[in-house]
2 protein chains.
Amino acid sequence: MNNFTNILREHNLKATPQRIAMLEYIDYYGHINIDKLYHNVQKKFKSISLATIYKNINSMVENMLLFEVKLPNEKSVYEITKQNHSHLLCEKCGDIIDIDINIEDKTKEISLKNNFEVKQVNLVFSGLCKNCS
Amino acid sequence: MNNFTNILREHNLKATPQRIAMLEYIDYYGHINIDKLYHNVQKKFKSISLATIYKNINSMVENMLLFEVKLPNEKSVYEITKQNHSHLLCEKCGDIIDIDINIEDKTKEISLKNNFEVKQVNLVFSGLCKNCS
DNA sequence: CTCTGTGCAAAGCGTTTGCAAACGA
DNA sequence: TCGTTTGCAAACGCTTTGCACAGAG
């Protein structure tokens, strides 16, 4: 009984081999889009259907096991839900880097100023990574 | 010769009445998605085609006259390109509010730490607005 | 006059749905 | 065993394309 089996069950999802494989690849790459995930999982499950990938992505997002990152000019990528963090997207090579950034102060400022209860922060910096600039 | 005529020409786009109407509605609402824009422009141009809306949105985004805002769990909205600012999205009523927020300091910190040339910042706070919370 | 934009219909593509069989708990 | 998941095929919905005609500059 591996780690992802537990994580799935904790999120009220049955631990099928297809789901476990999906999580293994998402974890391995850190962030992955649907296509890339599908082609990777196919290596292990030749007959897996794209419909299965979509159904599972959707149920895992609904159960907050996965988080969808929407990127400018790119397909969304999915990651295993983790602590608040942000992303750097290289416009040239498409590489995505996780960064820890503390914007608590800004969040509080906004909450007070606008009387708005902030539940989630989506922050993406795009530009050029060190290899591409 | 109205304001939007000039703006279109400055962005190397011909000032057609359809485009001007699109910009009038985008400006009026501040942010708008494709459907809502289409239905609004139809009031003025009964025979306008959705294809025209898409073609124009795409060329205006390419020419940086418009900016696409990608939102969690919502369709993208478009706005006339303006100074760096962020958005508050109410998860309940769907309302979107522009906010001025200074994250220059964070941006610099990230550029230095990661050796990353930041060109654009996409920041969306989602939660509950004052009416919904 | 020339080149670009418009509207229409059709094509394209990513995503979802319905269903029977397989499978997890 | 019971309820959920899988894979397949078909349906769907949003977006793009091709083309003939209209319109901007």
Side-chain angles (χ1 to χ4, degrees), chain A residues 1-25 32-63 65-66 68-78, chain B residues 1-25 32-63 65-66 68-78:
Chain A
M1 169 126 75
N2 66 45
N3 193 23
F4 294 123
T5 301
N6 289 326
I7 295 176
L8 283 161
R9 292 191 184 148
E10 281 162 18
H11 289 84
N12 304 309
L13 294 167
K14 289 194 177 179
T16 67
Q18 290 90 336
R19 285 176 178 167
I20 292 166
M22 286 174 65
L23 289 174
E24 281 168 354
Y25 285 111
I32 197 167
N33 67 31
I34 298 280
D35 278 1
K36 197 171 166 189
L37 179 60
Y38 176 52
H39 290 114
N40 274 282
V41 176
Q42 266 188 328
K43 291 179 202 161
K44 208 161 174 178
F45 294 92
K46 286 174 218 99
S47 66
I48 197 171
S49 159
L50 241 189
T52 300
I53 300 279
Y54 277 107
K55 286 173 191 166
N56 286 339
I57 286 281
N58 289 341
S59 51
M60 293 189 215
V61 169
E62 275 160 30
N63 291 279
L65 197 170
L66 295 184
E68 178 181 0
V69 186
K70 290 194 176 185
L71 302 168
N73 311 311
E74 301 273 342
K75 290 183 191 164
S76 288
V77 294
Y78 297 86
Chain B
M1 166 126 73
N2 68 43
N3 193 23
F4 295 123
T5 301
N6 290 324
I7 295 176
L8 282 161
R9 292 190 185 151
E10 282 162 17
H11 289 83
N12 305 307
L13 294 167
K14 290 193 178 180
T16 66
Q18 290 90 337
R19 285 177 178 167
I20 292 167
M22 286 174 65
L23 289 174
E24 282 168 354
Y25 286 111
I32 196 167
N33 67 30
I34 298 280
D35 277 1
K36 196 171 167 189
L37 179 59
Y38 175 52
H39 290 113
N40 275 282
V41 177
Q42 267 189 327
K43 292 180 201 159
K44 209 162 174 178
F45 294 92
K46 284 173 221 102
S47 67
I48 196 171
S49 159
L50 240 190
T52 299
I53 300 280
Y54 276 107
K55 286 173 190 165
N56 286 339
I57 286 280
N58 289 340
S59 50
M60 293 189 214
V61 169
E62 275 160 30
N63 291 278
L65 198 170
L66 294 183
E68 178 182 359
V69 186
K70 290 193 177 185
L71 302 168
N73 310 313
E74 302 273 342
K75 289 183 191 166
S76 288
V77 294
Y78 297 86

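Reminder, nothing fancy here: chain letters follow the sequence lines and each chain counts from 1.
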In whole angstrom, what separates [X]'s [atom1] from [N]'s [atom2]?
X       : N      : atom1 : atom2 : result
A:Lys44 : D:dT6  : NZ    : P     : 14 Å
A:Ile20 : C:dA25 : CD1   : C1'   : 13 Å
B:Ile57 : D:dT16 : CD1   : P     : 11 Å
A:Ile48 : C:dC23 : CD1   : P     : 14 Å
B:Leu8  : D:dG25 : CG    : C1'   : 14 Å
A:Leu50 : C:dG18 : CG    : C1'   : 17 Å
A:Gln42 : D:dG7  : CD    : P     : 10 Å
A:Lys46 : D:dT6  : NZ    : C1'   : 17 Å

Between [X] and [Y], a side-chain donor and acceptor under 3.5 Å:
X       : Y       : answer
A:Asn58 : A:Lys55 : no
A:Asn40 : A:Lys43 : yes
B:Thr52 : B:Gln18 : no

Could you pull out the protein-nucleic contacts involving nucleotides 1-5 of chain D (nitrogen or oxygen on both sides, under 3.5 Å)?
residue	atom	partner	partner atom	Å
D:dT4	O4'	A:Lys14	NZ	3.4
D:dT5	OP1	A:Arg19	NH1	2.8
D:dT5	OP1	A:Arg19	NH2	2.9
D:dT5	O5'	A:Arg19	NH2	3.4

If you take all heavy atoms of B:Pro17 and B:Phe45, which pair is closest and at what distance?
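Shortest heavy-atom separation between B:Pro17 and B:Phe45 comes out as CB-CZ, 3.5 Å.
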Look at the side chain of A:Lys75 and decide which nucleotide, out of C:dG14, C:dA25, D:dG7, has an atom nearest to it.
C:dG14
Report the residue (B:Asn58 or A:Ser49) whose heavy-atom-nearest nucleotide on DNA chain D is the more 5′ of the two.
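Nearer the 5' end of the strand: A:Ser49.
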Not counting sequence neighbours, which residues clear side-chain hydrogen bond (donor to acceptor under 3.5 Å, both in side chains) with A:Lys46? List them please.
none
Would you confirm whether B:Lys75, through its side chain, and B:Ile34, through its main-chain N or O, come within 3.5 Å as a donor-acceptor pair?
no
